[in-house]
**Student:** 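One structure, pasted below without further comment.
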Amino acid sequence: MIRNELLICAGGACITSGEKSVKDALIEELNSHSIQEEVQVIETGCMGACDLGPIVVVYPEGTFYQKVTPETARLIVSEHLVKGRVVESLLYTEPETQQKVASGAEIPFYTRQVKRVLRNCGVIDPLSIEEYIARDGYFALATALEMSPEDIIGVVTESGLRGRGGAGFPTGFKWKATRDAKGSPKYVVCNGDEGDPGAFMDRSVLEGDPHSVIEAMTIAGYAVGAQRGYMYVRAEYPLAIERFEWALRKAREYGFLGENILGSGFSFDIEIRIGAGAFVCGEETALLRSIEGKRGTPSVKPPFPAQAGLWNRPTLINNVETYANIPQIITKGAQWFRSVGSPKSPGTKVFALAGNVQNTGLVEVPMGTTLRELVFDIGGGIPGGKKFKAAQTGGPSGGVITADYLDMPIDFDTVKELGTIMGSGGLIILDEDSCMVDVAKFYLGFTVDESCGKCTPCREGTRQMYHTMERICEGKGRDGDIEQLSRLAEVVRDTSLCGLGQSAPNPVLSTLRFYQDEYRAHIYDKKCPSHVCKHLLTYSVSADKCVGCTACARQCPSHAISGEVKKAHVIDQSKCSKCGTCYEVCRFGAIQKE
Amino acid sequence: MKSLEELKRIKEETLKEMDLRQAKERGKIVVAMGTCGIAAGAKDTLLSIIDELDKQGIHDVKVVQSGCMGLCDREPTVEVSMKDQPAVVYGDVDDANARRIIREHVGAGKVVADLVIKRENI
Amino acid sequence: METRMLNVRINGRAYEVPEGITILKAAQEYANIDIPTLCYLEGISEEGACAICVVEVKGAKNLQRACVVKVTDGMEVWTNTARVREARKLNVELLLANHPTDCFTCEKNQICRLRELAAEVGVREVEFPRTRSEWLPFDETSLSLIRDPNKCVLCRRCVNVCAKVQSVYAIDIVGRGSNSMVSTFLDEGLGNVECVNCGQCLLVCPTGAITERSEIPGVWKALGNPDKVVVVETAPAVRVAIGEEFGMPDGTQATGKMVAALRGLGFNQVFDTDFSADLTIMEEGYELIGRLKNGGTLPLITSCSPGWIKFAETFFPNVLDHVSSCKSPQQMFGTVTKTYWAEKMGLDPRNVVVVSIMPCTAKKFEKERPEMKTAFHYWQEKLGLRDDEAFNDVDYVLTTREAAQMIRESGMDFANLPDEEFDRPLGESSGAAVIFGATGGVMEAALRTGYEVLTNRTLEKLEFEDVRGLAGIKSAEVDIDGTILRVAVANGLGNARALMDQVQKGESPYQFIEIMCCPGGCLGGGGQPISDHPDVKQRRAEAIYREDAGKPIRKSHENPEILEIYKEFLGEPNSEKAHHLLHTEYCDRSCD
């Protein structure tokens with residue numbers, strides 16, 4: 001007789017934080033109290049609050065325990081399960097009121113979210129197809145197989161669902177184009193390459209609710225007339241691959257994949273293809289080339305994959321999150337889907353909230369949610385009492401949204417006006433100590449590394465831009481650099497063969513637009529206002545704080561510090577290599593960094 | 001998998017197993033599991049309650065434990081708070097009494113007066 | 001089915017163009033606008049890599065690539081806006097930023113497409129620095145070709161030609177992003193991989209990244225050595241192309257001027273490879289007859305193309321017994337010169353230097369094949385030579401381009417030289433020999449002789465039209481007194497592969513196959529003048545057939561010098577002596 005369930009978050013972040021040892025400790029402790037028959041331990045997909053992991057939720061109470069260690073895990077058993085006493089020290093504390101929150105459902109991080117794509121993540125055991133079915137899984141497939149393909153496409157179109165991979169292309173339109181295209185056989189592909197640094201929305205869906213994607217791909221196959229599907233996952237997601245593979249096996253066992261699904265006469269199956277470490281293979285045509293066994297370089301569009309994709313056949317390719325929306329659209333209808341979000345961008349979006357924000361993790365909110373809500377209400381604000389500076393969206397393809405636009409509702413179209421893109425959902429929060437030039441340089445460096453090298457503007461142009469950014473951050477900026485960056489950015493954006501190159505200049509363009517003064521400071525004053533760019537820092541000793549302990553002088557690798565014992569020391573700027581060691585070792589706060 | 005009917009059957013069965021995770025809005029039953037409670041057999045009371053709820057097909061009521069409620073000489077003690085109704089604390093809740101409380105109070109809505117030891121002020 | 005006509009506006013003017021046409025072609029053929037391109041090579045390399053041919057299309061967010069984007073009805077294209085010009089200029093600048101600046105001494109500086117492009121788009125300043133930190137090593141492992149990856153602009157034409165046209169796949173793009181470069185398997189170098197030395201990559205390379213291994217210095221040295229008798233042989237395809245190097249029209253028959261120029265360079269004898277082409281026909285014609293009569297291995301496949309030979313040795317080593325054992329005309333010539341001719345002239349073969357002028361880069365490899373030292377073996381005992389004193393039958397191979405370069409260096413005004421004649425006795429040739437330079441030529445030459453020998457009758461019509469033309473695979477049925485001889489001709493190794501797959505499976509319907517490594521045959525060889533005229537091969541072929549038609553002797557077996565060499569020296573075709581001197585062996589290179 002099971003009287004309690006312990007749900008342990010087994011998303012990637014929690015696993016890295018030691019979820020396995022927490023689970024082992026729980027099971028051990030349950031055994032030692034002989035209640036292992038009454039308490040079920042279930043590992044679920046990502047619960048979203050990655051900063052608070054490892055997370056254990058006790059049902060039926062719904063008590064939310066955060067930052068659990070193997071030691072404190074034992075308390076959950078011995079205190080809560082055995083004696084009914086909630087373990088206060090493990091509860092979430094509201095940062096402003098310092099109040100303890102027992103129920104997970106009441107934590108502000110969760111209360112504002114609308115979990116549709118993540119409906120099952122953190123709730124079910126991703127390895128259990130029965131639990132997926134219990135939450136209405138595969139009912140959409142059963143329903144869809146009774147509809148005509150045209151009607152299915154009609155519902156998807158009416159729902160207004162737009163591609164969640166970043167481009168925001170109307171999904172129904174794509175499905176219709178693939179259905180109408182001439183050629184056979186047709187294919188359905190899922191883009192699980194998720195390359196944006198810091199993005200892990202798709203990973204969490206694949207790890208936490210793989211059946212939602214399998215079901216959606218099968219429905220898509222039926223709608224466009226394909227019998228083969230390919231799930232392309234990046235090799236860096238071994239857990240997602242493992243769970244998806246298991247889910248495929250289960251789906252076949254239950255007859256949701258294979259011949260004559262649910263007696264409809266429709267046959268469909270899915271094969272996993274693993275990437276090989278190329279960000280550019282997230283671009284749809286490069287991805288298709290990769291599946292074909294060729295070099296993953298983009299091809300000229302048109303023709304588009306809907307007309308000529310895999311092996312030149314009509315191919316539907318959508319993102320993981322886009323697919324994850326499909327089953328509910330079928331079971332609950334287009335109007336239900338449109339009931340949240342904004343008119344031109346209905347539905348929800350999963351964001352990976354990271355950076356200088358209190359609550360980092362995975363959040364799903366209606367489109368049109370403002371940045372303020374995301375950063376402050378859900379994100380819990382900026383830690384350390386710092387001020388919000390900007391939010392970087394869309395990864396290496398996007399730009400920044402400044403504090404002036406905190407109340408702007410975020411959807412596909414509004415962010416475009418600001419010179420950035422929604423992207424796949426990466427949302428990096430930057431506080432007042434961030435250097436925007438450095439941020440742009442970071443993303444540009446990523447793009448330079450990942451450029452496939454085929455077309456001149458991306459291969460050479462981004463490299464030249466990065467070269468200039470490096471000079472600027474090293475204090476070697478010159479008059480004319482901003483003009484050169486703009487000139488390069490224009491042509492790289494205008495003539496690159498694929499989205500990688502076309503959007504590579506965005507971080508630079510966006511930061512130039514809103515933070516040109518920071519660029520000027522780097523170039524003309526040779527200073528980094530945020531004190532981030534190493535080469536532009538000046539380290540000096542505050543004579544009034546220095547006690548002459550000689551620690552810095554002894555550690556300085558450039559022998560740039562001189563001074564007698566118990567007398568104020570001095571740093572020779574001409575020798576200083578700006579390594580920052582003195583700043584680290586001074587116990588008296590006597591080193592000034594500016 | 002042949003049909004929608006089979007899907008529904010799997011859903012029903014699995015939901016029951018996932019019962020504990022469902023939102024239970026209609027009421028909450030708290031079993032005191034302090035040392036005194038456990039000594040008096042609160043553990044068995046808890047299991048009986050869960051078993052009877054299942055037998056009665058009642059899935060929208062939560063069963064949780066708490067520490068000592070303070071009424072140590074009447075252990076095992078059980079608090080029943082149904083939605084929109086005042087909370088009631090029962091004492092000396094053994095297996096038989098537990099099942100009565102479930103059938104009559106939780107199931108039929110009638111407080112089991114002879115077992116009540118504390119009532120919320122109206 | 002009629003092609004639908006579409007309405008398009010280019011730079012504000014309206015045109016009607018057929019459906020399916022690209023913006024590039026539409027502009028070129030209908031609006032007289034040559035949108036500049038770099039990486040585009042019709043039908044072979046259409047990757048949109050260089051971003052030079054970009055144009056503005058109304059309604060499109062970004063600039064579009066004219067070379068691959070097809071015209072749609074109602075499209076409005078602008079090829080000349082400030083935005084377009086800026087994009088082209090900047091992309092060229094980006095290429096120039098990382099390009100070596102030794103243009104003054106680069107051997108391709110007269111025909112470099114990148115240099116031409118920079119002038120076309122008007123680049124006057126490169127504001128970008130070099131970002132590549134290292135200089136990449138040259139690939140000098142091949143006997144025929146040299147690669148300088150530093151000059152590569154990653155247009156991918158070479159990769160596509162090697163893959164799609166030649167089906168050799170010796171090179172590909174390696175690495176990613178700004179570290180990507182064209183290379184071979186594990187960077188082993190062209191000389192160590194499947195590369196067949198055909199030089200098709202060289203012909204399409206827009207910069208000086210691929211060049212031939214020059215043998216000019218060695219030839220100058222030999223010419224200046226009074227102790228050496230330096231003899232030159234020239235391939236049939238050279239004479240109809242060399243004029244292009246001096247501004248003469250495509251397809252000029254410049255045989256007489258070529259002979260005059262070579263004599264002007266100082267060669268002691270100017271002989272003609274066509275002579276040994278006739279010799280080849282004698283040997284191979286009788287080889288075919290022998291196989292037909294005695295149930296030998298069929299189909300017989302020609303063997304004068306060294307690129308094709310290396311291809312066969314690499315990819316089809318199991319069916320090498322099909323390939324004729326005859327050497328190529330170049331090699332037969334070298335052997336004959338250093339044995340028959342040296343003996344006749346009373347010369348020590350060690351003082352005879354044979355230089356061949358070829359439309360081919362693979363011949364540089366061929367002359368170094370270890371088995372191509374037949375003359376040495378012939379003389380070894382007589383002169384008491386040690387093994388380490390071995391010498392090649394052919395000492396130097398110059399491409400048509402290299403020969404032209406030497407002529408330029410000597411200051412001769414090629415186009416205005418008076419015609420001169422080849423020297424004798426190795427300078428007489430038939431029309432059948434000259435057509436070797438075109439695809440189908442060897443076949444036709446062999447048929448002219450084979451037919452007459454087998455039937456003992458004279459051919460009424462000497463021209464076998466079925467095997468002429470630039471189509472990739474041609475086939476014909478020749479009625480030889482009731483027996484049907486099925487023949488096929490392939491040019492370009494991709495097409496050769498198709499025929500060889502059949503042979504490999506034992507399913508070939510042919511008895512005699514001619515295979516030429518290069519598209520068009522030798523006239524399209526890797527050593528020929530580099531031209532972007534779309535019909536240059538057609539013109540060269542026409543010149544070759546004109547040359548044939550104008551010759552007094554049109555069949556190999558009627559060449560009096562051929563009859564003489566058999567009478568005096570070789571005996572009969574396929575005699576034992578002929579076999580020792582004029583035939584060769586092949587090896588299995590599949591695991592190299």
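Throughout, protein chains are lettered first and strands after them, A, B, ... in sequence-line order, and every chain is numbered starting at 1.
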**Student:** What part of A:Glu450 is in contact with chain C, defined as an atom under 4.5 angstrom from a non-hydrogen atom: side chain, backbone, both or neither?
**Tutor:** both
**Student:** Against chain C, label A:Arg459 side chain, backbone, both or neither, depending on which of its atoms sit under 4.5 Å from a heavy atom there.
**Tutor:** both
**Student:** Considering only heavy atoms, which portion of C:Ile52 lies under 4.5 Å from any heavy atom of chain A: side chain, backbone, both, or neither?
**Tutor:**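 Neither part; nothing is under 4.5 Å.
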**Student:** Is there a donor-acceptor contact under 3.5 Å from the side chain of C:Arg157 to the main chain of C:Val204?
**Tutor:**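 Present.
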**Student:** Checking A:Ser397 against A:Asn506: is there a side-chain donor and acceptor pair closer than 3.5 Å?
**Tutor:** no
**Student:** For chain C, find which of A:Thr468, A:Thr495, A:Thr462 contributes the most heavy-atom pairs closer than 4.5 angstrom.
**Tutor:**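 When all of A:Thr468, A:Thr495, A:Thr462 are compared, A:Thr495 has the most.
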**Student:** Would you say A:Arg289 and A:Ser299 are linked by a side-chain donor-acceptor pair, where the criterion is simply a distance under 3.5 Å?
**Tutor:** yes
**Student:** Going by atom types alone, do C:Tyr40 and C:Ser45 pair a side-chain donor with an acceptor below 3.5 Å?
**Tutor:**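 No.
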**Student:** With a 3.5 Å cut-off and no angle check, do the side chains of A:Tyr237 and A:Glu194 form a donor-acceptor pair?
**Tutor:** yes
**Student:** Sort by residue number and list every member of residues 177-187 of chain C having a non-hydrogen atom under 4.5 Å from chain A.
**Tutor:** C:Gly177, C:Ser178, C:Asn179, C:Ser180
**Student:** Are C:Lys25 and C:Glu42 close enough for a salt bridge, meaning some N to O gap below 4.0 Å?
**Tutor:** yes
**Student:** Between A:Phe173 and A:Phe169, is the ring centre distance below 6.0 Å?
**Tutor:**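 Centroid distance A:Phe173-A:Phe169: below 6.0 Å, so yes.
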**Student:** Side chain, backbone, both or neither: which part of C:Arg65 has a heavy atom under 4.5 Å from chain A?
**Tutor:**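 Answer is side chain: those atoms of C:Arg65 sit under 4.5 Å from chain A.
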**Student:** Quick check on C:Lys61 against chain A: is it the side chain, the backbone, both or neither that has a heavy atom closer than 4.5 Å?
**Tutor:**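 Contact with chain A is through the backbone of C:Lys61 alone.
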**Student:** So which of C:Ala97, C:Ala87, C:Cys155 has the biggest tally of heavy-atom pairs under 4.5 Å with chain A?
**Tutor:** C:Ala87
**Student:** Salt-bridge test for A:Glu490 and C:Arg83: reply yes if a basic N is under 4.0 Å from a carboxylate O, no otherwise.
**Tutor:** no
**Student:** Indicate whether the side chain of C:Asn98 and that of A:Glu460 have a donor and an acceptor atom separated by less than 3.5 Å.
**Tutor:**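 On atom types as modelled, these side chains qualify, holding a pair under 3.5 Å.
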**Student:** Looking at A:Lys176 and A:Asp180, does any basic side-chain N land under 4.0 Å from a carboxylate oxygen?
**Tutor:**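 The answer is yes: the pair qualifies as a salt bridge.
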**Student:** With a 4.5 angstrom heavy-atom cut-off, could you sort out which part of C:Val84 is near chain A: side chain, backbone, both or neither?
**Tutor:** neither
**Student:** Of the backbone (N, CA, C, O) and the side chain (C-beta and beyond), which part of A:Arg493 lies under 4.5 Å from a heavy atom of chain C, both, or neither?
**Tutor:**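 When you check distances to chain C, only backbone atoms of A:Arg493 fall under 4.5 Å.
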**Student:** Answer yes when A:Asp411 and A:Lys344 have at least one side-chain N-carboxylate O distance shorter than 4.0 Å, and no when they do not.
**Tutor:** no
**Student:** With a 4.5 angstrom heavy-atom cut-off, which part of C:Val153 approaches chain A: side chain, backbone, both or neither?
**Tutor:** backbone
